[in-house]
Amino acid sequence: MTASNAIPIDMHHTSWTAKDGAPPVIIAIAQTSDGWLWLASPSGIFRFDGVTFERFRPNGVQLMSSNVWGMRLLTSGSLWFGYAGGGSSVWKDGHLRNFGLEEGMSTATVYDFAEDGADRVWAATSQGLRVFDGKRWHEPAQHYHAPEGSCTLLQDKDRSVWAQCESGAFRLPPQGQAFVQMPGPVGMGRLVQGPDMTVWSVGGPKGEIVALNNVGAKGPKHAWPQPRVSGGTMLFDRDAEHLWITRADGLIRAGTDGSNEVFGVVHGLSGAIPNSILQDKEGNIWVGTENGLDRFRRNALSGVALPQIYGDSPALSAGENGALWVGKKLLAQPTKEAFASIPPESGEDTVTVLWKEAPDSLWIGAGESLFHQRGLVQEQIALPKEVRSPRIHAIVRDAEGALWIAVSRAGTYRLRDGVWEAGGGFPELRQKVLWMHADRDGRMWFACRGNKVLMLNRGKLQQYGADEGLQVGTPVQISGNGNDILVSGENGLFHFNGQKFTSILGVGDESMLGVSGMLEFNGALWLNGTAGITSIDMDELRHAQRDPGYRIQFRRLDHKDGMRGTATQYEPLPSAVAGSDGVLWFSTTAGVFWLNPSKVIKNLLPPPVYVRGITTEHAAFPFVAGTPARLPPHPGRIQIDYTALGLTMPERMRFSYQLEGVDSGWQDAGTSRTATYTDLGPGEYRFKVRAANNDGVWNDEAAVMPFYVIPAFYQTLWFRILMAMLIIAILWAIYNLRMAQVARQIRARIEERLMERERIARELHDTLLQGIQAMILRVHAATAHVPPHDPVREKIDSALEGADTMLLEGRERVHDLRAHDHFGVGVAASIKLSGAALAKENGVQFEFVESAQQRGIMPFVGHELYRIANEALTNAFLHAQATQVKVDVMHERKALILVVRDNGRGLPAEVMRSGQLAGHWGLPGMRERANKLGATLVLESEPGKGTLLRLSIPAIMAYKPSPSRFGWIFRRTT
């Protein structure tokens with residue numbers, strides 16, 4: 001490759017080859033509106049997101065062949081593919097459609113496509129052109145005068161179709177019906193349109209670059225492009241200042257200023273034969289070669305490497321009107337060419353420090369000399385005689401006007417009134433000082449080895465170190481004023497608030513190591529350190545100064561941005577300088593680099609985000625729009641893969657994601673393009689992911705992938721319902737068992753009491769009552785011998801009558817003790833008989849109702865039920881002054897219920913409140929009997945509206961065991 005003034009293309013270059021997954025022989029490149037970069041090659045169609053190459057495998061319909069020889073993205077958004085063996089395919093709106101012989105395509109190789117002003121699609125094949133009517137392909141009608149043979153196509157900005165064919169160059173106007181032959185070369189070639197609407201033909205038999213339009217007989221000869229010979233194709237850069245030309249031996253990047261930059265295999269190009277070229281939406285240039293893919297993107301930094309004599313890099317200082325001092329050389333226009341013109345320095349005159357005191361005052365430490373430059377006049381300042389082989393690496397002036405210098409191996413010296421004073425009069429300052437700084441408050445700061453900083457204020461020297469929080473190691477730079485002093489060095493950046501030092505850390509605990517250049521410019525702090533150039537907004541810095549736990553946001557420029565080497569850690573310092581024209585200059589071990597912060601190109605395009613799919617331990621589930629993936633039960637560890645289409649610097653792209661229902665908020669993924677989850681339960685999920693490009697511009701429209709984890713049979717709703725029913729049944733059975741146990745215990749206690757009552761009744765009957773009866777008979781026999789009218793007999797007869805009454809009452813009490821066993825007709829019938837008798841005696845209407853379905857009642861329950869009912873009936877008939885009394889006995893499944901109601905005068909309010917009438921025990925007795933049975937007794941009454949008594953005895957207590965639903969429980973427990 002030969003070109004005048006040719007130097008390598010000054011852009012960041014990256015190449016991908018087969019080892020990175022790139023396809024070989026990339027013959028066409030396209031970028032669709034969704035951001036994907038498409039690559040066509042004889043080995044198939046591939047898509048690239050800037051990180052990963054993936055073979056294009058559409059769902060459903062497959063490509064007709066992997067041997068692709070043509071690809072073109074049309075203005076309609078359709079992406080067309082042509083095959084070596086004939087046929088074509090179109091990809092649009094997520095659907096693929098194939099066209100073969102049945103759809104009008106021949107077996108000829110398809111090279112190219114174009115779309116005209118009438119929305120007709122044209123295809124260039126090895127056997128001539130074909131035109132598409134929306135359904136089928138056809139040979140062009142005769143009136144088109146279509147060129148024959150092989151061609152390449154171009155749709156220009158006016159929607160004209162251009163063809164460069166074996167027979168010449170042709171043009172079909174936007175609404176035209178015929179091709180018109182244009183003045184141009186004969187033979188196959190590539191077509192491209194320039195920024196001035198000129199259409200160029202590239203190639204042909206002679207490899208010429210020829211303008212096909214806008215060139216009249218009297219018009220000027222086009223000066224662009226240069227050179228006019230090429231073997232491939234070309235591309236006009238979007239900045240309208242550069243032209244890219246591909247040739248058999250590499251690339252040429254030509255500028256409007258006549259400059260030519262080259263790039264070939266020797267410079268790192270992936271192959272020797274560039275086949276295709278494209279500029280993407282972000283301005284990157286992509287080149288496809290026989291071996292892979294190359295990308296060229298603008299560097300944020302420009303730089304130049306310089307030969308070094310002493311130290312890592314030259315000393316820098318700003319001059320007037322954008323000029324730059326580089327050592328002793330003043331560059332009025334510091335360009336790459338100007339740097340190249342700097343003569344090499346010898347060891348004796350190597351500049352070790354430049355200090356600009358004022359616009360017209362520059363101090364220079366060079367070799368063993370100190371110079372003061374004022375305009376064009378340079379004065380040499382004599383150094384102290386006792387200093388041998390001095391190398392000055394720092395110069396500053398204090399508030400009193402004295403000049404300080406720091407000398408290697410000799411410490412500091414102060415020049416006041418023409419006299420040098422070692423250490424400025426302080427023994428502590430006779431050690432080696434790496435850097436000096438004078439702040440606006442008149443204080444002097446000295447950076448010393450061993451993690452020490454000295455501060456001289458009004459004649460007093462104070463030392464700071466680890467006790468004050470300083471952990472900088474070897475301090476290199478000091479800047480700032482007042483209580484905002486910054487110290488940088490090998491271990492990071494530290495802030496001094498007047499009392500103690502605190503570390504300034506960035507996001508991710510970035511330590512800002514090895515900063516040897518530090519300057520504040522246009523609201524930002526710029527640092528030149530071992531990790532690169534760092535820019536920190538001053539608001540962020542102030543936040544960190546107030547809150548030591550805060551981690552600052554920052555922007556980092558490094559080798560990805562064109563920087564080489566690392567910031568120098570020793571003289572000459574500082575390694576960062578602000579030019580008078582706003583350009584920032586940085587020195588590294590590899591040269592000098594610069595940028596203009598006001599002209600830094602920022603990528604403002606938010607990257608489109610896509611979810612690729614989910615991978616479990618046993619299967620993969622690709623993302624299909626509109627169809628949630630169905631994961632098997634217990635998927636274990638799942639990995640969700642996603643990407644974003646920012647092609648400029650995908651390695652700096654940041655992601656955040658959220659799995660709804662699992663993550664409480666957005667999770668910072670950094671640069672990772674995978675998310676991992678384990679032990680997801682069954683149910684529906686929505687995975688969301690968003691991304692920020694290399695300049696921190698976020699895409700707020702997150703990509704979403706819904707998916708569903710299928711439940712195992714024991715995780716289904718019906719299984720849970722079944723288990724719940726089973727648990728309820730078990731709990732119900734346990735409850736009934738417990739109730740039966742309680743009932744058995746209650747029955748046992750009551751039966752024990754009844755047996756005791758029966759025993760007492762028998763004892764009373766067999767002893768007391770029989771004895772009284774015998775005694776009465778004997779007394780009757782004795783009275784027969786007493787005269788009838790004898791006063792003694794009258795007393796005896798009176799005593800016998802009382803004894804008979806007492807005997808009758810005793811028999812009644814014994815009967816009561818045994819009454820539960822003597823109903824005979826049953827409890828309900830006894831209640832009915834008792835109520836009927838009371839109704840007849842008192843002339844009150846009585847109604848008795850018993851449910852049709854009756855169940856056997858436990859004897860002891862019947863006794864208590866009869867007593868409660870009898871008490872209630874007695875109150876109703878004798879005290880309530882009722883005209884109607886009704887009794888209901890209901891044998892319900894869950895309880896035996898007795899209801900006694902009357903329409904009498906009701907109970908007094910004080911009785912309802914207290915629960916009994918003073919001196920009467922009927923109501924308390926009923927409640928006591930109910931409590932013994934575990935029953936519920938409810939009494940309702942209102943004055944003038946009657947009284948209602950409701951007694952509810954649980955079935956498990958009231959009824960005799962029967963073969964009911966839970967009868968086996970009763971039988972076992974009773």
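As a basis for the values below, the full set of heavy atoms in this structure was taken, side chains included, without hydrogen atoms, waters or symmetry mates.
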Worksheet item: What is the minimum heavy-atom distance between Ile640 and Tyr642, and which atoms define it?
Response: O-CD2, 3.7 Å

Discussion item. Quick one: does any side-chain atom of Thr716 pair with a main-chain N or O of Phe713 as donor and acceptor, under 3.5 Å?
Written reply: yes

Discussion item. Is the shortest side-chain heavy-atom distance between Asp537 and Gln553 below 4.5 Å?
Written reply: no

Worksheet entry | Residues Tyr959, Ile953; criterion side chain to side chain contact (heavy atoms under 4.5 Å, CB included); working and verdict | CA-CA 9 Å; Tyr959 303 131; Ile953 308 173; over 6 Å; no

Practice prompt. Tell me, yes or no, whether the heavy-atom count around Gln667 atom CD, taken from other residues, nucleotides or ligands under 6.0 Å, exceeds 12.
Written response: yes

Worksheet entry | Nearest heavy atoms of Pro632 and Pro635, plus distance in Å | O-CD, 3.4 Å

Worksheet entry | Side-chain donor or acceptor of Asn693 paired with backbone N/O of Val697 under 3.5 Å | yes

Worksheet item: If you take all heavy atoms of Ala644 and Met653, which pair is closest and at what distance?
Response: CB-SD, 3.2 Å

Worksheet entry | Nearest heavy atoms of Val611 and Ala703, plus distance in Å | CG2-CB, 4.1 Å

Worksheet item: What is the distance from atom CG of Leu896 to atom CE of Met890, rounded to the nearest 0.5 Å?
Response: 9.0 Å

Worksheet item: Say you draw a straight line from CG of Asn903 to CD of Gln845; how long is it, rounded to the nearest 0.5 Å?
Response: 8.5 Å

Item to complete: Using modelled atom types only, decide if a donor and an acceptor are shared between the side chain of Asp902 and the backbone of Gly904 within a distance under 3.5 Å.
Response: yes

Item to complete: Could you walk me through whether Phe621 and Phe707 pass the ring pair (Phe, Tyr, Trp, His ring centres under 6.0 Å) test, one step at a time?
Response: CA-CA 10 Å; Phe621 302 86; Phe707 63 94; 9.3 Å; no

Response to the item:
Sorted by chain and number, sequence neighbours left out, salt bridge (Lys or Arg N to Asp or Glu O under 4.0 Å) with Lys688 holds for Glu660

Worksheet entry | Distance, nearest 0.5 Å, that separates OG1 of Thr783 from CD1 of Ile796 | 6.5 Å

Discussion item. Nearest 0.5 angstrom please: Leu726 CG to Ile721 CD1, how far?
Written reply: 13.5 Å

Worksheet item: Given the rule in the side chain to side chain contact (heavy atoms under 4.5 Å, CB included) test, do Phe554 and Glu540 qualify, once you have shown the distances and angles that lead to the verdict?
Response: CA-CA 8 Å; Phe554 62 91; Glu540 284 286 301; over 6 Å; no

Worksheet item: To the nearest 0.5 Å, what is the distance between CZ (Arg901) and CZ (Arg950)?
Response: 9.0 Å

Practice prompt. Of all the heavy-atom pairs spanning Val844 and Val885, show the shortest one and how long it is.
Written response: CG1-CG2, 4.1 Å

Worksheet entry | Counterpart residues, salt bridge (Lys or Arg N to Asp or Glu O under 4.0 Å), relative to Asp34 (two or more places apart) | none

Practice prompt. Could you tell me whether the side chain of Asn699 and the main chain of Pro607 form a donor-acceptor pair under 3.5 Å?
Written response: yes

Discussion item. With a 6.0 Å cut-off (strictly less than), is the heavy-atom count around OH of Tyr735, excluding the residue itself, greater than 12?
Written reply: no

Worksheet item: When the ring planes of Phe846 and Phe877 are compared, do they come out parallel, tilted or perpendicular, using 30° and 60° as the limits?
Response: tilted

Worksheet item: Is there a donor-acceptor pair closer than 3.5 Å between any side-chain N or O of Thr674 and the backbone N or O of Gln639?
Response: no

Discussion item. Closer than 3.5 angstrom, by distance alone: can the side chain of Ser941 be matched with the main-chain N or O of Leu907 as a donor-acceptor pair?
Written reply: yes

Throw together a table of side-chain donor-acceptor distances under 3.5 angstrom for residues 675-683, partners on residues two or more places apart or in other chains.
from	atom 1	to	atom 2	distance (Å)
Tyr677	OH	Asp663	OD2	2.5

Worksheet item: Does a donor on one side chain sit under 3.5 Å from an acceptor on the other, for Gln545 and Arg542?
Response: no

Worksheet item: Taking everything shown except Arg551 itself, do over 12 heavy atoms lie less than 6.0 Å from its CZ?
Response: yes

Worksheet item: Out of curiosity, Leu541 CG to Tyr550 OH, how far, rounded to the nearest 0.5 Å?
Response: 10.5 Å

Fill in: Flag, side chain of Arg686 to backbone of Gln658, donor-acceptor distance under 3.5 Å
no

Worksheet item: Quick check: does any side chain N or O of Thr874 sit under 3.5 Å from a backbone N or O of Asn870, one acting as donor and the other as acceptor?
Response: yes

Discussion item. Go through it in stages, so that I can follow the logic: the residues are Leu873 and Val900, the test is side chain to side chain contact (heavy atoms under 4.5 Å, CB included), and I'd like the CA-CA distance, side-chain angles, deciding distance and then a yes or no.
Written reply: CA-CA 7 Å; Leu873 289 172; Val900 180; 4.3 Å; yes

